[in-house]
Amino acid sequence: MTSKSAAVYHYLDIGRLGRGEVVKLFMKDAGIDFTEDRFPWDKTWPQKSKALQNQGLTRTGKVPVLEYQGLILSQHIPILRYISRDLGSYDGETNREKYVVDSVADIYIDWRSQWVANLGTKTDQYKDEVVPEYYRVLALYYSDNSGPYLLGDKITYADFAVYQSIDNDRRTGTLPTSLPKSLINLQEAIENRPNIAGYIKENSY
């Protein structure tokens, strides 16, 4: 386990794809210093996954895993929630705001399970039904405030997850030809945030 002054992020070496990128963007935005430990996504992964379990770095054999402040954190959305609470930021201030943020995060989780299931073969149902409905529902939440973020001018951990879903659908060719204006505003706002703008520009492939 790392010391409390260091953070180590363990994830797969798959570029900008996947849930792990959400945590990475979040930490960059929050100014958290961390080092990365990336694993090849190939035939060696099952053996490496088992080794990580034996080391006590992951109970499920899955990543991302973050060594943070003397703790081992897993599951990307709970990681984001934990750090948000630790920082006292990136979350709603009232119980109602926290509910909205958690609701959108759950909607994202539902989308992600469908996205992963369609990585190998992109079905017409996913492209023509699941994806349009996902962004339609998100737009309802993002239209409740003036934006660009879910809670208006206050960015939350859920905004990074939603941004990642847009980016991942674009990379897999499953993004709708047009997005609701509120989600375009979110995308632009995330990509222009000072701590992550350079990283996104350099890794836009």
Side-chain angles (χ1 to χ4, degrees), residues 11 16-30 32 62 64 66 73-119 125-172 174-193 195-197 199-200:
Y11 195 54
R16 291 282 305 278
L17 286 176
R19 59 191 174 186
E21 190 69 9
V22 183
V23 179
K24 184 174 179 179
L25 289 176
F26 177 89
M27 290 194 295
K28 284 184 173 292
D29 191 79
I32 296 173
K62 298 179 180 179
L66 177 67
L73 307 176
S74 61
Q75 309 297 330
H76 71 302
I77 293 299
I79 289 173
L80 296 181
R81 287 175 178 150
Y82 183 92
I83 300 178
S84 295
R85 293 163 185 166
D86 189 57
L87 298 176
S89 185
Y90 294 96
D91 199 1
E93 295 178 7
T94 67
N95 197 34
R96 181 187 178 281
E97 287 183 344
K98 292 177 187 296
Y99 160 77
V100 171
V101 175
D102 288 345
S103 294
V104 168
D106 281 2
I107 292 169
Y108 156 82
I109 291 171
D110 290 342
W111 161 84
R112 189 182 179 281
S113 66
Q114 297 278 353
W115 181 79
V116 170
N118 280 268
L119 269 177
Q125 181 185 18
Y126 177 75
K127 292 186 291 184
D128 301 335
E129 298 178 23
V130 173
V131 172
E133 178 64 9
Y134 168 65
Y135 291 113
R136 184 193 72 81
V137 172
L138 284 180
L140 296 177
Y141 283 89
Y142 276 84
S143 297
D144 284 341
N145 295 296
S146 58
Y149 307 114
L150 179 60
L151 298 182
D153 60 356
K154 297 182 295 185
I155 193 168
T156 70
Y157 74 84
D159 293 310
F160 291 94
V162 171
Y163 171 80
Q164 185 66 9
S165 67
I166 295 171
D167 186 70
N168 278 185
D169 267 328
R170 178 181 65 80
R171 292 173 186 276
T172 55
T174 50
L175 191 67
T177 54
S178 63
L179 282 176
K181 179 61 175 174
S182 58
L183 297 182
I184 293 175
N185 291 341
L186 168 70
Q187 184 179 15
E188 293 175 348
I190 292 284
E191 292 178 349
N192 285 306
R193 290 186 68 82
N195 284 2
I196 59 178
Y199 169 76
I200 289 178

Residues that S143 engages under side chain to side chain contact (heavy atoms under 4.5 Å, CB included), provided they are two or more places apart: S182

Which residues pass the side-chain hydrogen bond (donor to acceptor under 3.5 Å, both in side chains) test with S84, sequence neighbours left out? none

Partner residues of R193 under the salt bridge (charged side-chain N to carboxylate O under 4.0 Å, His left out) criterion, sequence neighbours left out: D29

So, do S103 and Y141 sit near enough that their side-chain heavy atoms are less than 4.5 Å apart? yes

List the residues meeting salt bridge (charged side-chain N to carboxylate O under 4.0 Å, His left out) with E191, not counting sequence neighbours, and say none if there are none. none

Would you list the pairs meeting salt bridge (charged side-chain N to carboxylate O under 4.0 Å, His left out) in which at least one residue belongs to residues 134-149, sequence neighbours left out? E133-R136

Residue of the set Y82, F160, Y199 for which ring-ring contact (aromatic ring centres under 6.0 Å, His included) holds with F26: F160

Under the side chain to side chain contact (heavy atoms under 4.5 Å, CB included) rule, collect the residues that match up with K181, sequence neighbours excluded. N185

Non-neighbouring partners of D102 that pass side chain to side chain contact (heavy atoms under 4.5 Å, CB included), sequence neighbours left out: R81, Y157

Which pair of non-hydrogen atoms, one from D128 and one from P132, has the smallest distance, and what is that distance? O-CG, 3.5 Å

Nearest 0.5 angstrom please: L138 CG to L186 CG, how far? 9.0 Å

Non-hydrogen side-chain atoms of V131 and L175 separated by less than 4.5 Å: no

Test ring-ring contact (aromatic ring centres under 6.0 Å, His included) applied to W115 - qualifying residues, sequence neighbours left out: W111

Residues pairing under salt bridge (charged side-chain N to carboxylate O under 4.0 Å, His left out) where one sits in residues 156-168, two or more places apart or in two chains, turn out to be R16-D167, D167-R170, D167-R171

Under the salt bridge (charged side-chain N to carboxylate O under 4.0 Å, His left out) rule, collect the residues that match up with E129, sequence neighbours excluded. none

side-chain contact (heavy atoms from CB on, under 4.5 Å) for Y108 and V22? Distances and angles first, verdict last. CA-CA 12 Å; Y108 156 82; V22 183; 3.7 Å; yes

Would you call E93 and K154 a side-chain contact if the rule is heavy atoms closer than 4.5 Å? yes

Min side-chain heavy-atom separation S74-K62 under 4.5 Å: no

Can you sort out the partners of K98 under salt bridge (charged side-chain N to carboxylate O under 4.0 Å, His left out), two or more places apart, ordered by chain and number? D91

Could you measure the distance from the CG atom of L25 to the OH atom of Y163? Nearest 0.5 Å is fine. 7.0 Å

As an exercise, state the distance from CE of M27 to CG of L87, rounded to the nearest 0.5 Å. 11.0 Å

Contact summary for K28 and N195, nearest pair of heavy atoms: O-CB, 3.1 Å

Here the gap from D86 atom CG to S89 atom OG, rounded to the nearest 0.5 Å, amounts to 11.5 Å

Side-chain contact test, heavy atoms from C-beta onward, threshold under 4.5 Å: evaluate it for V23 versus Y11 and give yes or no. no

Which value, rounded to the nearest 0.5 Å, describes the distance between I32 atom CD1 and K24 atom NZ? 14.0 Å

If every non-hydrogen atom of A158 is compared with every non-hydrogen atom of V104, which pair is closest and at what distance? CB-CG1, 4.2 Å

How close do V101 and G92 get, counting heavy atoms only, and between which atoms? CG2-N, 4.1 Å

Donor-acceptor check, side chain of N145 to backbone of L150, threshold 3.5 angstrom: yes or no? yes

What do the steps show when you test R85 against Y90 for side-chain contact (heavy atoms from CB on, under 4.5 Å), and what is the final call? CA-CA 8 Å; R85 293 163 185 166; Y90 294 96; over 6 Å; no

Using modelled atom types and a 3.5 Å cut-off, is there a donor and acceptor pairing between side-chain atoms of T174 and backbone atoms of K127? no

Intermediate values then yes/no, side-chain contact (heavy atoms from CB on, under 4.5 Å), Q114 and Q125: CA-CA 10 Å; Q114 297 278 353; Q125 181 185 18; over 6 Å; no

So OG of S165 and CZ of R112: to nearest 0.5 Å the spacing works out to 11.0 Å

Side chain to side chain contact (heavy atoms under 4.5 Å, CB included) filter on T94, not counting sequence neighbours, yields R96, E97

Begin from the C-alpha positions of T156 and Y149 and carry the test side-chain contact (heavy atoms from CB on, under 4.5 Å) through to its verdict. CA-CA 8 Å; T156 70; Y149 307 114; over 6 Å; no

